[in-house]
> 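I have a structure here, written as structure tokens, and I will follow up with some questions on it.
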Amino acid sequence: MKQMNTIKTTLLAIVFVFAHTIASAQTKLPNVIILATGGTIAGAGASSTGSAYTSGQVKIDTMINSVPNIRKLANLKGEQLSNVGSQDMSVKIWLDLAKRINQLLATPDVDGIVITHGTDTQEETAYFLNLVVKSDKPVVLTGSMRPSTALSADGPLNLYNAVAVAANPASKGYGVMVVMNDEIHSAHDVKKMISTPVHTFQSPQEGLLGTVIFGQTSLFHKPNGVHTTQSEFSVDGVTALPRVDIVYACADGSADIIDFLVSAGSKGIVIAGVGDGNMNTAMLAAVKNATKKGVKVVRATRVPVGAVLIEGEVNDKEYGTISSDDLNPQKARVLLMLALLKERSREDLQKVFIKY
Ligand code: ASP
């Protein structure tokens, strides 16, 4: 009898341990926070086949609830940081976003972050965060090209895949990533390459970091450039960034735009140059004038792919200019704004562009 009771007690204990293990396996999903900023992924239109719609209409909780099985990937919480089309993305939202991400990732309760964002300026936000997030936990931006009301809307699967990447411990240390259309891109490399189709994001020179197919993540290679925990840039105590503008070069382009920006108080100007960061003689003269007055001028290229050589057709020492290296004009602007938070020489800035 005593032996029977011992067997019963042992069996009960085994059942209890087994049930407890299953229960904790279920609750041990990673914790992912979705920070929503707006964009077409939160957009809505009157017709499922029409092109007209408005960005930033749907709230984050509605978006999460519309994605089947997403809560099986992670314990999810949504926060609405803004609800704008990313053409209205601002330095203020960037700073709020970066500070909130750093706050969340500093706690052991948060394993990863997803940011929903319009695609128009997503590469700028991703690159900004890549320089100022102070954690190696996954931070993933996503968006969509079709609004939530469209036939074959791409937002739900993009959000599902973004959460899968953010919830995956293997994504740690890759810096900030962009997940769209089954692909994983590095913030440093990704570019919006096509205005409206769903394969808008590409990393044409450097290639993908990996793929994510219905949540199954494969990461092929590590990102280029220094990022996140290794970056010297920080948003601690920062409430604004120095004004930096972009001037687009073209045949017979006007040079007085540069003079205007200097008089308007620009601290930095990025030239979206022709070819290897070139510009016409009149623009070069205006640039020389600007750099003599202390305005920092970076030469990038309007060509979609490729780097700008230091000392190519433009003598950088003579004109006081800096090459953007492999950053396109919009990302060069982001780096210049952060770099100009402290006083730096042209030579020091050139090193910054080579490093980041
Ligand atoms: N204008 C939209 C935005 O950037 C486009 C998009 O999300 O695809 O917010």
Side-chain angles (χ1 to χ4, degrees), residues 34-64 66-67 78-98 100-101 113-130 139-163 165-166 176-185 187 189-204 208 212 246 248 272 304 328-331 333-334:
I34 305 182
L35 302 177
T37 68
T40 299
I41 193 166
S47 155
S48 62
T49 52
S51 58
Y53 73 98
T54 309
S55 277
Q57 299 297 296
V58 182
K59 297 259 166 66
I60 185 58
D61 291 332
T62 312
M63 278 163 65
I64 297 172
S66 71
V67 183
E79 287 182 23
Q80 194 78 47
L81 248 82
S82 65
N83 215 353
V84 296
S86 71
Q87 54 272 41
D88 282 321
M89 189 46 58
S90 62
V91 167
K92 184 187 179 308
I93 301 176
W94 281 351
L95 293 172
D96 289 348
L97 193 55
R100 184 66 182 135
I101 291 170
I113 302 280
V114 168
I115 301 147
T116 57
H117 193 294
T119 62
D120 289 353
T121 61
Q122 190 167 143
E123 67 196 81
E124 292 165 60
T125 302
Y127 184 61
F128 175 76
L129 295 175
N130 206 37
V139 175
V140 180
L141 284 94
T142 193
S144 79
M145 294 306 287
R146 300 179 183 142
S148 64
T149 45
L151 187 61
S152 291
D154 52 332
L157 185 53
N158 286 340
L159 186 56
Y160 183 87
N161 281 337
V163 169
V165 173
V176 174
M177 292 170 272
V178 167
V179 166
M180 282 269 291
N181 199 37
D182 296 353
E183 296 179 338
I184 308 169
H185 299 265
D189 305 332
V190 71
K191 296 172 166 69
K192 185 165 187 171
M193 292 292 287
I194 306 178
S195 57
T196 55
V198 293
H199 59 294
T200 190
F201 284 133
Q202 295 173 29
S203 301
L208 303 175
V212 50
I246 299 177
Y248 201 92
N328 65 15
Q330 53 273 35
K331 284 187 190 169
R333 174 177 174 262
V334 169

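What you are looking at is a predicted structure, and each value in this text was computed from that prediction instead of being measured. Here, residue 1 is the first one in the sequence, and each next residue gets the next number. Ligands are counted one by one from 1 in listed order, and the atoms in each one are counted from 1 as well.
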> Counting each atom of ligand 1 from 1 as listed, which ones have a heavy atom of Ser144 under 4.0 Å away?
6 (C), 7 (O), 8 (O)
> At a 4.0 Å threshold, what atoms of ligand 1 neighbour a non-hydrogen atom of Gly85?
9 (O)
> In a check of side chain to side chain contact (heavy atoms under 4.5 Å, CB included) between Tyr127 and each of Gln330, Lys331, Gln122, Arg333, which one passes?
Lys331
> For Ile60, is there any backbone N or O sitting under 3.5 Å from a side-chain donor or acceptor partner on Gln80?
yes
> Go through ligand 1 atom by atom and flag the ones less than 4.0 Å from a non-hydrogen atom of Asp120.
1 (N), 2 (C), 3 (C), 4 (O), 5 (C)
> Name the closest protein heavy atom to atom 5 (C) of ligand 1, giving the residue it belongs to and the distance to 0.1 Å.
Thr40 OG1, 3.1 Å
> Where is the nearest protein heavy atom to atom 8 (O) of ligand 1: which residue, which atom, and how far?
Thr119 OG1, 2.5 Å
> Stepwise, does the side-chain contact (heavy atoms from CB on, under 4.5 Å) test hold for Leu208 with His185?
CA-CA 5 Å; Leu208 303 175; His185 299 265; 3.2 Å; yes
> For a side-chain contact (heavy atoms from CB on, under 4.5 Å) check, start with the C-alpha distance between Ile115 and Thr125, then their side-chain angles and the critical distance, and finish with the verdict.
CA-CA 10 Å; Ile115 301 147; Thr125 302; 5.6 Å; no
> Contact between ligand 1 and Ser55 is defined here as a heavy atom of the residue under 4.0 Å from a ligand atom; is it met?
yes
> To the nearest 0.5 Å, what is the distance between CD1 on Ile93 and CG on Asp88?
8.0 Å
> Among all the protein's non-hydrogen atoms, which is closest to atom 9 (O) of ligand 1, and how far away is it?
Ser86 N, 2.6 Å
> Run the side-chain contact (heavy atoms from CB on, under 4.5 Å) test on Glu124 and His117 for me, step by step, so that the C-alpha distance in whole Å, both residues' side-chain angles and the decisive distance to 0.1 Å come before the verdict.
CA-CA 11 Å; Glu124 292 165 60; His117 193 294; over 6 Å; no
> Out of all atoms in ligand 1, which are within 4.0 Å of some heavy atom of Gln87? Include the element for each.
1 (N), 2 (C), 3 (C), 4 (O), 9 (O)
